[in-house]
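Read the structure below first, then the notes.
Just so it is clear: chains get the letters A, B, ... in the order the sequence lines come, proteins before strands, and each one is counted from 1. What you see below is based on every heavy atom in this structure, not just the backbone, and it leaves out hydrogens, waters and symmetry mates.
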2 protein chains.
Amino acid sequence: MNAPTAPLPPAPLDGLRQRFSGRLLTEDVDTAPFLTDWRKRYTGRALAVAQPDTAADVAAIVRWCAEHRVPLVPQGGNTGMVGGATPDASGSALVLSLARMNRIRDIDTVNNTATVEAGVILANLQQAARDAGRLFPLSLAAEGSCTVGGNLSTNAGGVQVLRYGNTRELCLGLEVVTPAGEVWNGLRGLRKDNTGYDLKDLFIGAEGTLGVITAATMKLYPLPAAQVTALAAVPDPHAALRLLMLAQQRLAASLTAFELISDYCMGLVERHLPANRRPLAEASPYYVLLESSDFESEAHARERFEALLGEAMESGEVTDAAIAGSIAQSRAFWAIREGIPEAQALEGRNIKHDISVPISSIGRFIDETNAAIERDFPGVRLVVFGHLGDGNLHYNVSPAPGVSPEAFLAHESAINHITYEAVAAHRGSISAEHGLGQLKPDENVHYKSPLEIGLMRSIKAALDPQGIMNPGKVLPA
Amino acid sequence: MNAPTAPLPPAPLDGLRQRFSGRLLTEDVDTAPFLTDWRKRYTGRALAVAQPDTAADVAAIVRWCAEHRVPLVPQGGNTGMVGGATPDASGSALVLSLARMNRIRDIDTVNNTATVEAGVILANLQQAARDAGRLFPLSLAAEGSCTVGGNLSTNAGGVQVLRYGNTRELCLGLEVVTPAGEVWNGLRGLRKDNTGYDLKDLFIGAEGTLGVITAATMKLYPLPAAQVTALAAVPDPHAALRLLMLAQQRLAASLTAFELISDYCMGLVERHLPANRRPLAEASPYYVLLESSDFESEAHARERFEALLGEAMESGEVTDAAIAGSIAQSRAFWAIREGIPEAQALEGRNIKHDISVPISSIGRFIDETNAAIERDFPGVRLVVFGHLGDGNLHYNVSPAPGVSPEAFLAHESAINHITYEAVAAHRGSISAEHGLGQLKPDENVHYKSPLEIGLMRSIKAALDPQGIMNPGKVLPA
């Protein structure tokens, strides 16, 4: 084995210190919160954590990094699932926290757009939109602490993608600091614009490897008159799929969520979060949480749900169902769905996946993958839930009763392998909504064609020739 | 002035002739239809027109072009508005017609996707979807002859963008032949996939300058139970905007079209296409065509329209309105809107624009631009119509009565200048849905920042280092 390469001489932080007095953290006690990811899977080191207030600040930092060849790791709310915002252990990188860039620059209720800075917390944007009588539909578990910049950089999904799309579809324009430290003002609020290459969508989902998103113009929508939730018991995922088709035909765009919950997940929530009880008398192998956003009235939403679920019970797709009778009850239904990750964590360590397949494959994917994993690892607990309406499952695996977490986690790569092979067989995705970060770039290279990886590398080299933007994320170092 | 450069020696077509026997056109009589654009604004010359049947064919042609440094001009239905599919006059380029690649490879009614080849005519995809009980929502005037590949390459818009988005939003995956002649199979049918840079959206809207789209996986939707159309008289575009906001709040996603028609446009249609009569007793300065796609019933759609238009008449946004009483009547309303370009052509030559501004600016844009043009060119006819719900106007200008087309068209660049300066002042787009082609690359460079053009050039150089893919389109040669 070779001796480790001598560390680079530390870059002269003095130039930055002057401009960023009080906003350049270098002491361990100050930088620590920025150096470990939310799942506590990765801990890195950093030269410093810089806290810019403006796009011009960001540009100055990027130019400094480019000059000194210092790697830059952008970070929003630090709630990512794949270590995309955590530096490596070398200590050579600068972490760029966008948290102070948290201004809502403009809300235009006629154009139905909000222009916000990258550090705006998602829940704050939702609230600002509501205050203006509009809906910002992106909604996900971390919304109280994740930022719009992070949502864009990971192209976050969440629970209303079925109707409103991923973060990419919600964005009309960006402000980006390029790897050369220039500010691109692409903050357009246009529904149609065919004047060249789609730079916006290239920066979205690039996890900070092509530039730093500093602001965005996001779409707003009218607020629905009522949101009503229903919980339906279904015999299996195939029936859930048939229910989805029927619900889309009957409710069309009013159907804003369609979530699958296995009975094992339901039991986990009831056991660990006992304030949550299933609203149906009998257990069922699977449940579907449906949400309708209605622009007429609550009564109309309920009437449409009753007709839909009645029809589905007659045809056997649904064996039992409850329609929430109040906003409180709707929230209680959602609390079951949203409690699954926490309940699973309370149950113990587990192996997580964030996969998608064509919606038409989801029943077969669950059947085949469950069987393959149970064959090789008898007794494991399959924690199957997710955004069925988008073909996106959080297909997680917990140890068999009595098996220690350590013994179980030793099988992580074998269980990943079974899962990802099944995903590949159905032409699915090994990262539906979380991105690649530092967790999955190698896996991604394995499953994508060399041609596609080569195209990605060409683009990376063209836009970031020095390779300073979040190195090792998305593409292997 | 320098002497013209000597022409390149003609590339040896023999290699291609062998593989493409009968599908390589070289005689003028055969190639002519491919060498003039639909608006007859451009006529080019070509080495040959190749007609591949498969992606492998396309790859072979691209490799041949790369080897011999022959520029390649992809062409679909040849219905583009900006000369994007027409070669230059040098005769050095090969035109690649995708028309024979017209297979519908797969329709998946559970995943709601159709995988089709680039040469499929849009109307054929619409019909195939309908035959499967699904809606493919892209709809535009050229749908009987334009192709899906052309729609993707220009990111076509049309009349239902308000609800379903541009072609980009309707596409989940692509098959592309790269400038090196390799076939990238990105035909994924996934609603969520965050595994790297968004190559799909880079090829979409690139007008064949980064690669050749050979197939695509497109989204399908449930078929509405009923589509009902209404025509409302409004005093001015500002009132039309207020009606739009109200209609979006009341009808939400059921509102699938919202088109503005000026009274001058209405008169043009009545004069030149006399089968079409306005369905309202009194003339009004402007009209709005609204379409509702309802998933309950025709009666429900009509009832919602009546409530909406009643409310808008009470508040003064609408002065009169008619709701189509039958499918035939709905078609008659649409025929007025769709007849405008033909009626305008029958009236004589005119200057066309395809612009967009933020929706909230559209009233001011019309006021200001009308005033500026009328000031400099008294008596011209402003032909104002378009997709108001998307902020997209076909803001056209016809000569003053008695002015010859030649005298009028001499002012084209001055009138373009006034229009585009107004667009720029509102941070709009000089090409909302038609693309840049060879008509607007220079104008685009004028209105975009050098940084943005530089980013576009970097991407072009990275993916097409030889510059053989549709040179001179999108970016100036």
Task: Among Q248(A), K200(A), R188(A), residue most engaged with chain B (heavy-atom pairs, under 4.5 Å) - done: R188(A)
- [ ] Enter the distance from S458(B):OG to I459(A):CD1 here, rounded to the nearest 0.5 Å.
- [x] 11.5 Å
TODO: Pick whichever of S449(B), G173(B), G165(B), A252(B) has the most heavy-atom pairs under 4.5 Å with chain A.
DONE: A252(B)
TODO: Could you walk me through whether Y197(A) and L455(B) pass side chain to side chain contact (heavy atoms under 4.5 Å, CB included), step by step?
DONE: CA-CA 9 Å; Y197(A) 302 147; L455(B) 290 169; over 6 Å; no
TODO: Examine whether an atom of M245(B) lies under 4.5 Å from a heavy atom of chain A, and if so say whether it belongs to the side chain, the backbone or both; otherwise answer neither.
DONE: side chain
- [ ] Just give me the residue among L475(B), L251(B), V161(B) that pairs up with chain A most often, heavy atom to heavy atom, under 4.5 Å.
- [x] V161(B)
Open item on the list: If I take atom OG from residue S429(B) and atom CG from residue L190(A), how far apart are they, to the nearest 0.5 angstrom?
Closed with: 6.0 Å
TODO: Heavy atoms only: give me the nearest S356(A)-K192(B) pair and the separation to one decimal.
DONE: OG-O, 2.6 Å
Open item on the list: Does this structure show an ion pair linking E169(B) with K219(A), if we count only N-O contacts that are shorter than 4.0 Å?
Closed with: no
TODO: Heavy-atom distances under 4.5 Å only: say whether H300(B) touches chain A with side chain, backbone, both or neither.
DONE: side chain
Open item on the list: So which residue, S254(A), G205(A), G196(A), ends up with the most heavy-atom pairs under 4.5 Å with chain B?
Closed with: G196(A)
TODO: Mind ranking I204(B), L187(B), I453(B) by heavy-atom pairs under 4.5 Å with chain A and telling me who comes out on top?
DONE: L187(B)
Open item on the list: Which atoms of L436(B) are under 4.5 Å from chain A, going by heavy atoms: the side chain, the backbone, both sets, or neither?
Closed with: both
- [ ] Apply side chain to side chain contact (heavy atoms under 4.5 Å, CB included) to I359(A) and T113(B), showing your working.
- [x] CA-CA 10 Å; I359(A) 296 168; T113(B) 45; over 6 Å; no
Task: Toward chain A, the part of R457(B) with a non-hydrogen atom under 4.5 Å - done: neither
Task: Which portion of D108(B) sits near chain A, non-hydrogen atoms under 4.5 angstrom - done: side chain
- [ ] Would you mind checking which part of R242(B) comes under 4.5 Å of any heavy atom in chain A, side chain (CB onward), backbone (N, CA, C, O), both or neither?
- [x] neither
Task: Most contacts with chain A, counted as non-hydrogen pairs under 4.5 angstrom, among A253(B), G186(B), A432(B) - done: A432(B)
Task: Segment of K448(B) engaging chain A (4.5 angstrom heavy-atom cut-off) - done: side chain
TODO: Pick out which of D354(A), N166(A), N155(A) makes a side chain to side chain donor-acceptor pair (under 3.5 Å) with N194(B).
DONE: N155(A)
- [ ] Show the numbers, then the answer: is there a side chain to side chain contact (heavy atoms under 4.5 Å, CB included) between E452(B) and L199(A)?
- [x] CA-CA 8 Å; E452(B) 183 162 346; L199(A) 301 175; 3.6 Å; yes
- [ ] Flag the one option from S293(B), P441(B), S360(B), P224(B) with the top tally of heavy-atom pairs under 4.5 Å to chain A.
- [x] S360(B)
Task: Most contacts with chain A, counted as non-hydrogen pairs under 4.5 angstrom, among L244(B), T209(B), I355(B), I362(B) - done: T209(B)
- [ ] Using non-hydrogen atoms and a 4.5 Å limit, figure out which bit of R427(B) sits close to chain A: side chain, backbone, both or neither.
- [x] both
Open item on the list: Which atoms of E443(B) are under 4.5 Å from chain A, going by heavy atoms: the side chain, the backbone, both sets, or neither?
Closed with: neither
Open item on the list: For the backbone of T195(A) and the side chain of N444(B), can you confirm whether one donor and one acceptor N or O come within less than 3.5 Å of each other?
Closed with: yes
TODO: Tell me, for I430(B) versus chain A, whether the close heavy atoms (under 4.5 Å) come from the side chain, the backbone, both or neither.
DONE: both
Task: Contacting moiety of D390(B), where chain A heavy atoms sit under 4.5 Å - done: both
Open item on the list: Looking at Q249(B) and L223(A), would you say the former's side chain and the latter's main chain have a donor-acceptor pair under 3.5 Å?
Closed with: yes
